[in-house]
Amino acid sequence: MNQLPISVIGSEEGAFQDNALSTAPTTPEGSLTFSPVLRAAADGPLDIESTSLAAQAQSSRLMPSALFNPSVRHVQNICCVGAGYVGGPTAAVIAYQNPHIRVTIVDRDERRIRRWNSKHLPIYEPGLGDIVRIARDGSRECSFLNERSSLDTSDGLSDATTSSSECGSQCEGHHEGPTIIPARQPNLFFSADVARCIREADIVLVAVNTPTKSKGMGAGSATDMTAFEAVTGVVAQHARPGAIIVEKSTVPCRTAQLMAIHRPGVHFEILSNPEFLAAGTAMKDLMQPDRVLIGSSTTPSGRRAAEALASVYAAWVPRNRIITTNVWSSELSKLVANSMLAQRISSINSISAICEKTGADVDEVAASIGCDPRIGEKFLKAGIGFGGSCFKKDILSLVYLAESLGLEEVGEYWRQVVKMNEYQRDRFSRRVIKCLNNTLVGKKITLLGYAFKANTSDTRESPALEIIKTLLEEGPREIAIFDPCCNPVVVQDEIKSLLKGQVALKSDGGPIAVYGSAYEACASANAVLITTEFDEFRNTPATLPTLSKTAKHLDPRPFDRLEPSETEILSLHKFLLRSSPATVHAGGDPLQRYMTEPACAEDCPDCGLVKGGYSTAGNSDDYKPKERLDWNKISYHLAKPKWVFDGKGLIDPMVMSKLGVRVESVGRQGRS
Ligand SMILES: NC(=O)c1ccc[n+]([C@@H]2O[C@H](COP(=O)([O-])OP(=O)(O)OC[C@H]3O[C@@H](n4cnc5c(N)ncnc54)[C@H](O)[C@@H]3O)[C@@H](O)[C@H]2O)c1
Ligand SMILES: O=c1ccn([C@@H]2O[C@H](COP(=O)(O)OP(=O)(O)O[C@H]3O[C@H](CO)[C@@H](O)[C@H](O)[C@H]3O)[C@@H](O)[C@H]2O)c(=O)[nH]1
């Protein structure tokens, strides 16, 4: 029986100290393994009735946070532990939208922190630079006319002075003269001093990595909680009494209950607040989330903690999108969301195999079934299988949970999603080898795309790498790689460490070469493989709306309020950049709001990369239309017979056949 101790609120003063008794989960007894599932397995089926949390489970709720008690104390200081793909963008948006809250992102990786504090952000995410520059560096006072731009000019700033108003004098924002945006002080900080920043925080977000365990009990499917547990240790030691601890990382169900945040006589409320952002669209996902999920204990102190966190999000997220549940539902929801999304991809990929044998076209099948609103059109793109740091590990975590609970059939059901994914990827590699007469010896194979998906430099669990491993075994003359978002130097370093023990890179005498130009990478190739869904790789012309129409359509002015929100100012910033490309080149600052970026040291390694022609961070380039590859040029230089293997459904084979190129696409019948 799991008897959890009832926690007693400490006597020390703290920003969020509660004066009521709480049955919230705090410290588990004894020395627990930090795997809730292992523990569950040891104890037999989870016995909710036997825990002091039974009441919470029974009164499980899914409701908009507006129903909560609004008497919540003011959050002044937030610390986010983990300056990675989730912690960095999430905490940056929190700071951007809450100028009165001091937000510090901490990480033990000093190199990462140095880059966050420089103009070379450590991750590429479209739109991230705009947010970081305002919150981290502060901003100048600036002004604009609160009137929609006229159609006959594309210069958003100058036409602001000549345009005609559509709101008349009805709205609050309509007034004579320009709208003034006051200057902002910096409120986003990056630091490697983890303990100090935790000590100062009212809310601690934990956003460290939680990969799959690679050894020991549960290796290959259980979640490796080493980093998470290390942080909870520091939190337990240093956090203020009453501080709210938030699981931002994806963790196994029941982690909050077992989290070893324990200091005698001190109470910490633990919330689950999983993140649903996707790489490449992180800023949009954060600025306009479908939902913000907050799991808490149902005690008064748990509810108050949830409301404190909800109030932070409410700065920009409509209240009806902030959903609250019990902690376990919230933790489990994250695993289930990813598993169900991945399951759709595996389902359509399994159908693509049938299409290749029958003559049906998987894109046509997906489009037809997607018209049914019960099925929906999203996540039905067949390809070489899903990659990324999340899907596989989160499905496997669900599998491990099910198996640990004795639900073998449930585990096997979800494991099949991963198996199908691997089958699909390997099927694609085999198809390439088969079409090339079962031998790659003496041949050059080019991969267009190395990141796991478009518009990101994130390469974790990229299908491209697994395909490269398979191709390597066939002894090709060269494997060439080009990726529009990844820094070639970084890719080379990564391949070197991932293929340890093999002579892989050309510079070491191996066959793999990473290029900064698609045309160089494809020159004299025997086959080109499309392995990431970058729009740049399509062979059909981009259908861009005319500039003047776009400008008219997207101008967010006039704003209703005298003081526009940060979301509104950002939409104006983007509109002005898109409608006047000249401003992109002039520092990407059409409102002239930016402060000077931090200067780099003389010996800054990232400046060296930029001088060498490599971008280390995305910012103003985000607003430039992406140029498509010239397939005429590529095909001209391909070795005969000219092959393109389209792993992402980007290529129109008819157009390619006119260029004398044979195309094999996933989900369509080919020659193999
Ligand atoms: N990447 C995504 O798109 C995404 C989306 C939703 C949820 N998640 C989840 O969010 C979590 C973080 O993912 P990520 O992609 O940001 O990982 P990441 O590897 O990019 O970042 C994690 C950071 O935590 C730091 N860290 C680890 N241990 C630390 C410690 N003891 N003290 C201080 N810093 C420490 C690491 O140095 C690293 O910079 C994971 O649980 C993941 O499953 C990720
Ligand atoms: O129809 C589709 C959609 C996606 N993919 C592939 O699936 C992978 C994952 O794509 P996506 O889900 O867009 O990116 P992630 O960044 O992995 O985001 C997922 O994983 C995150 C981490 O948990 C969650 O927060 C997000 O909600 C969830 O979408 C990529 O390799 C895509 O190429 C397909 O093959 N077909």
Side-chain angles (χ1 to χ4, degrees), residues 79-91 105-113 115-116 122-123 125 191-195 197-198 205-212 223-235 247-252 255 273-282 285-286 289-291 334-335 337-342 344-349 352 363 366 370 377-395 397 421 424-425 449 451-456 458-464 531-534 647-649 666:
C79 171
C80 175
V81 189
Y85 284 87
V86 166
T90 306
I105 308 179
V106 296
D107 204 292
R108 62 179 175 189
D109 183 341
E110 293 189 6
R111 210 169 59 131
R112 238 179 189 181
I113 292 299
R115 295 186 77 196
W116 278 112
I123 61 175
E125 198 53 66
S191 169
D193 190 346
V194 179
C197 298
I198 287 177
L205 307 173
V206 185
V208 298
N209 36 319
T210 50
T212 303
T223 304
D224 181 347
M225 298 295 285
T226 310
F228 196 87
E229 192 184 35
V231 174
T232 59
V234 185
V235 168
E247 298 170 350
K248 201 76 204 148
S249 300
T250 304
V251 292
T255 295
N273 173 220
E275 184 47 62
F276 296 100
L277 66 80
T281 54
D285 299 339
L286 288 165
D290 302 322
R291 78 294 206 190
K334 173 65 196 176
L335 297 183
N338 274 358
S339 301
M340 303 263 302
L341 288 169
R344 276 174 77 91
I345 301 172
S346 278
S347 296
I348 198 69
N349 282 340
S352 77
D363 285 341
E377 62 182 4
K378 293 188 178 155
F379 270 69
L380 286 180
K381 186 73 191 161
I384 51 175
F386 56 79
S389 62
C390 295
F391 277 175
K392 185 176 171 190
K393 90 168 165 69
D394 292 347
I395 299 167
S397 178
N421 197 51
Q424 181 75 356
R425 191 190 59 219
F452 84 94
K453 66 179 278 199
N455 301 326
T456 179
D458 190 342
T459 61
R460 291 176 290 179
E461 297 287 338
S462 171
T531 40
T532 309
E533 60 272 55
F534 284 103
K648 284 292 179 177
V666 168

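Start at 1 and go down the list; that is how both ligands and their atoms are numbered.
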Item checked: Side-chain donor-acceptor pair present, Asp193, Ser191, cut-off under 3.5 Å -> no
Next item on the list: Return yes if a side-chain donor-acceptor contact under 3.5 Å exists between Gln424 and Ser352, otherwise no.
Entry: yes
Check: Can you name the closest pair of heavy atoms from Ala279 and Thr456 and give their distance?
Finding: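 What the structure gives for the nearest pair is CB-OG1, 3.9 Å.
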Using modelled atom types only, decide if a donor and an acceptor are shared between the side chain of [X] and the backbone of [Y] within a distance under 3.5 Å.
| X | Y | answer |
| --- | --- | --- |
| Ser249 | Val206 | yes |
| Arg344 | Lys378 | yes |
| Lys248 | Asn273 | yes |

Notebook entry, point to check: What pairs with Ala464 under side-chain contact (heavy atoms from CB on, under 4.5 Å), at least two apart in sequence or on another chain?
Noted result: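 Ala464 satisfies side-chain contact (heavy atoms from CB on, under 4.5 Å) with Leu447, Tyr450, Ser462, Thr531 only.
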Check: Taking any residue with a non-hydrogen atom under 4.0 angstrom from an atom of ligand 2, which ones do you get?
Finding: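 Within 4.0 Å of ligand 2, protein side: Glu275, Phe276, Leu277, Ala278, Ala279, Lys334, Asn338, Leu341, Ile345, Phe379, Leu380, Lys381, Phe386, Gly387, Cys390, Phe391, Asp394, Phe452, Lys453, Glu533, Lys648.
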Next item on the list: Could you pull out every protein residue that has a heavy atom closer than 4.0 Å to ligand 1, ordered by chain and then number?
Entry: Val81, Gly82, Gly84, Tyr85, Val86, Asp107, Arg108, Asp109, Arg112, Ala207, Val208, Asn209, Thr210, Ala227, Ala230, Val231, Ser249, Thr250, Glu275, Leu277, Lys334, Ser389, Cys390, Lys393, Arg460
Notebook entry, point to check: Taking side chain as C-beta onward, heavy atoms only, is Ile123 less than 4.5 Å from Asp458?
Noted result: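 The answer is no; the side chains never approach within 4.5 Å.
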Without placing hydrogens or testing angles, list every side-chain donor-acceptor pair under 3.5 Å for residues 379-394, not counting sequence neighbours.
from   : atom 1 : to     : atom 2 : distance (Å)
Lys381 : NZ     : Asp363 : OD1    : 3.2
Lys381 : NZ     : Asp363 : OD2    : 3.3
Lys381 : NZ     : Gly649 : O      : 3.3
Lys393 : NZ     : Thr210 : O      : 3.4
Lys393 : NZ     : Thr210 : OG1    : 3.4
Asp394 : OD2    : Asn338 : ND2    : 2.7

